[in-house]
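Inspection log for the structure reproduced underneath, given as C-alpha cells.
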Amino acid sequence: MEEGGSADAAPAVQRRRLELTVEVPTGSGLGALRQAVLGWGEANRRDLPWRATRDPWHVLVSEVMLQQTQVSRVLGPYRRFIERFSTPAACAAARVADVVVAWEGLGYNRRAVYLHRTAGVLVERHGGRVPVDLTALVSLPGVGAYTARAVLSFAFEVDTGVVDTNVARLLSRAVAGHPLGAVSSQKLADSLVPAGRAWAFNQSLFDIGARHCVARHPDCHGCPLRRRCRWAAAGWPPPDPAAASAGTARPQSRFAGSDREGRGRLVTALRRRSIAATELARASGWAGEPERARQIADELVRDGLARWGSAGLLELA
DNA sequence: TAAACGTGGCA
DNA sequence: TTGCCACGTTT
C-alpha cells in the first residue's frame, strides 16, 4: 500500500520541512479533542489485568511484555510472571533461566534478560523501586522512550504523552494531517495530555488507535475523533500520513528460514533441557547446517540467554 | 498467511 | 539525528 511508488519520491528533507508546519490545536478545539478521547475511553475501555494496578513494577513488566507483542498473547504470561516475580527484588534474586522460562510464549527472549538486569539495577541503585524519572528509566536495559513514558504515565500519573505505534498513526492522521517524526510526535502527544489525567487519556488513545485508527483499513465510521480528524476532513487524500511517520510499522524481513526462527526453536528446546553441541543443528531445525546452528548458539550466549555448561552442554543462562 | 508489535546497535 | 536491521510468536 505504502509501496505506491510516490512514497519513495518523498525525501527525508521534505518530511522535516513538513514537521515544522505542525499546528497544535489550541483553545476550545484542544479541549474538545481531550473530551472526545476521555469520554470515549470511559465508555469503551477494555478490562485488562494490568489496568487494574498502579504498582510501578507490575506496570513496567506489562509494558515490556507489550513491546512487540499483542495484548491477547500477554494476558496469560503476565499473570504468571507477576505471581512469580511480584517485586524487583524477587526477579533480581532469581536466575536468568527462571525468568526466561517464565517468558515462554512471548518471543523476543532478550526482553526477559533485559528485564532481569533491570530488576537488578532497581535493587542496586534505586532501593528496589521504579524511579519516577525519565532519564533514569530510559537508561534501564530494554526500556526505551515508549516504555519509560508508559511507566511514568500509567504508574505515576505524570503528565506525559505515550507514543506507541497506534498513537503515532492516530496523531499523524487525525491531529497533524501529515507524517510526523519521533520528536514532533512526542511533543504533540505531550501537548494533548490533560493535566492530571495522563492515565485515562493515554489508555484511551491506545484503544482508539487500536480499534479505529488501524493501519490497513481504518474504521473511521464510529471513530470518536471522526469529526475532528484532519485526514478525514480532507477526504483521506493519499498517501496515508501514518505510512511515512516515525514509529509506525514497516515491512519485516521474511521469518521462515531466518536466524530468528532457529533461535526461537533453540530457546524453546533449552527451556526443557540442556543441549549437547552435537545436537544443536537438529534442535535449531537446521539439520544440514551445523555451522549456522553453532553460530546462533554463540549469539544466544552473547545475548545472555544461554551459556556453555559443564560437559559442553548448552543451557539457559 | 501476512500482519501485528519497541529497543538497541550500528552506519 | 535519522534510518535500517535483527529480534519471535500467534492468529
Side-chain angles (χ1 to χ4, degrees), chain A residues 1-3 7-8 10-20 60-78 100 103-115 117-118 137-151 162-170 179-187 189 206-207 209-211 213-218 242-271 284-285 292 295-296 298-306:
Chain A
M1 188 181 184
E2 56 264 30
E3 287 289 302
D8 293 343
V13 174
Q14 188 184 345
R15 186 196 298 175
R16 197 171 302 125
R17 181 169 347 115
L18 284 171
E19 281 182 45
L20 296 175
L60 175 58
V61 168
S62 71
E63 291 303 338
V64 170
M65 287 183 171
L66 288 162
Q67 294 167 5
Q68 301 299 280
T69 308
Q70 284 141 136
V71 168
S72 60
R73 222 150 23 101
V74 169
L75 257 18
Y78 171 77
V100 173
W103 203 255
E104 175 132 45
L106 293 171
Y108 294 100
N109 299 298
R110 284 186 298 194
R111 292 182 297 171
V113 178
Y114 289 148
L115 195 52
R117 288 179 189 164
T118 277
L137 285 167
V138 168
S139 75
L140 296 168
V143 176
Y146 163 81
T147 308
R149 287 177 174 84
V151 167
V162 183
V163 182
D164 72 347
T165 185
N166 299 294
V167 174
R169 268 196 319 267
L170 186 154
L180 292 169
V183 174
S184 327
S185 193
Q186 183 62 53
K187 282 184 183 161
F206 280 8
D207 286 343
R211 286 165 62 167
C213 207
V214 295
R216 222 142 274 277
H217 303 291
S245 285
T248 57
R250 297 179 306 98
Q252 277 237 334
S253 49
R254 157 182 257 89
F255 178 71
S258 69
D259 283 2
R260 282 188 298 167
E261 187 179 33
R263 283 173 59 112
R265 282 194 288 243
L266 209 41
V267 172
T268 296
L270 287 170
R271 284 195 178 97
S284 57
R292 173 143 91 136
Q295 227 166 355
I296 264 46
D298 288 339
E299 276 167 29
L300 289 180
V301 171
R302 209 170 308 138
D303 287 343
L305 275 160

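Order of the sequence lines fixes the chain letters, A, B, ..., with proteins taken first and strands second; residue numbering starts at 1 for each chain.
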Residue pair A:Val138/A:Leu66 against DNA chain B: nearer the 5' end by closest nucleotide is A:Leu66
On DNA chain B, does the nearest nucleotide to A:Gln252 precede the nearest nucleotide to A:Val143 from the 5' side, or the other way round? Give the residue. A:Gln252
Between [N] and [X], is there an OP1 or OP2 to side-chain N/O distance shorter than 4.0 Å?
X: A:Arg169; N: B:dC5; answer: yes
X: A:Gln67; N: B:dT7; answer: yes
X: A:Arg216; N: B:dA3; answer: yes
X: A:Thr268; N: C:dT9; answer: yes
X: A:Arg263; N: C:dG8; answer: yes
X: A:Asn109; N: C:dC7; answer: no

So what does [X] touch, heavy atoms closer than 4.0 Å: a base, only the sugar-phosphate, or nothing?
X: A:Ile296; result: nothing
X: A:Thr165; result: sugar-phosphate
X: A:Thr147; result: sugar-phosphate
X: A:Tyr146; result: sugar-phosphate
X: A:Glu104; result: nothing
X: A:Gly105; result: sugar-phosphate

Looking at A:Met65 and A:Tyr78, what are the two nearest heavy atoms and their distance? SD-CA, 3.7 Å
Looking only at non-hydrogen atoms, find the nearest pair between A:Pro141 and A:Arg117 and report the distance. CG-CB, 3.9 Å
Euclidean distance, atom [atom1] of residue [X] to atom [atom2] of [N] [Å, nearest integer]:
X: A:Gln68; N: C:dC7; atom1: CD; atom2: P; result: 14 Å
X: A:Met65; N: C:dG8; atom1: CE; atom2: P; result: 16 Å
X: A:Leu300; N: C:dA6; atom1: CG; atom2: P; result: 16 Å
X: A:Phe206; N: B:dA4; atom1: CZ; atom2: C1'; result: 15 Å
X: A:Trp103; N: C:dC7; atom1: CH2; atom2: P; result: 18 Å
X: A:Leu170; N: B:dC5; atom1: CG; atom2: P; result: 13 Å
X: A:Arg254; N: C:dC7; atom1: CZ; atom2: P; result: 16 Å
X: A:Arg250; N: C:dG3; atom1: CZ; atom2: P; result: 10 Å

Residue A:Arg110, side-chain heavy atoms: nucleotide from B:dC5, C:dC7, C:dT9 that is nearest: C:dC7
Picking from C:dT1, B:dG8, B:dG6, the nucleotide nearest the side-chain atoms of A:Tyr114 would be B:dG8
Per side chain to side chain contact (heavy atoms under 4.5 Å, CB included), A:Leu115 is matched among A:Val64, A:Val143, A:Val100 by A:Val64
Nearest-nucleotide 5' precedence on DNA chain C, A:Ser253 against A:Gly264: A:Ser253
Where the side chain of A:Thr248 meets the backbone of A:Thr165, is there a donor-acceptor pair that is under 3.5 Å apart? no
Heavy-atom donor-acceptor pair, A:Gln186 side chain to A:Ala145 backbone, under 3.5 Å: no
Would you kindly check whether a donor in the side chain of A:Arg73 faces an acceptor in the base of C:dT10, or vice versa, at under 3.5 angstrom? no
Please step through side-chain contact (heavy atoms from CB on, under 4.5 Å) for the pair A:Asn166 and A:Phe206, ending with a clear verdict. CA-CA 6 Å; A:Asn166 299 294; A:Phe206 280 8; 5.7 Å; no
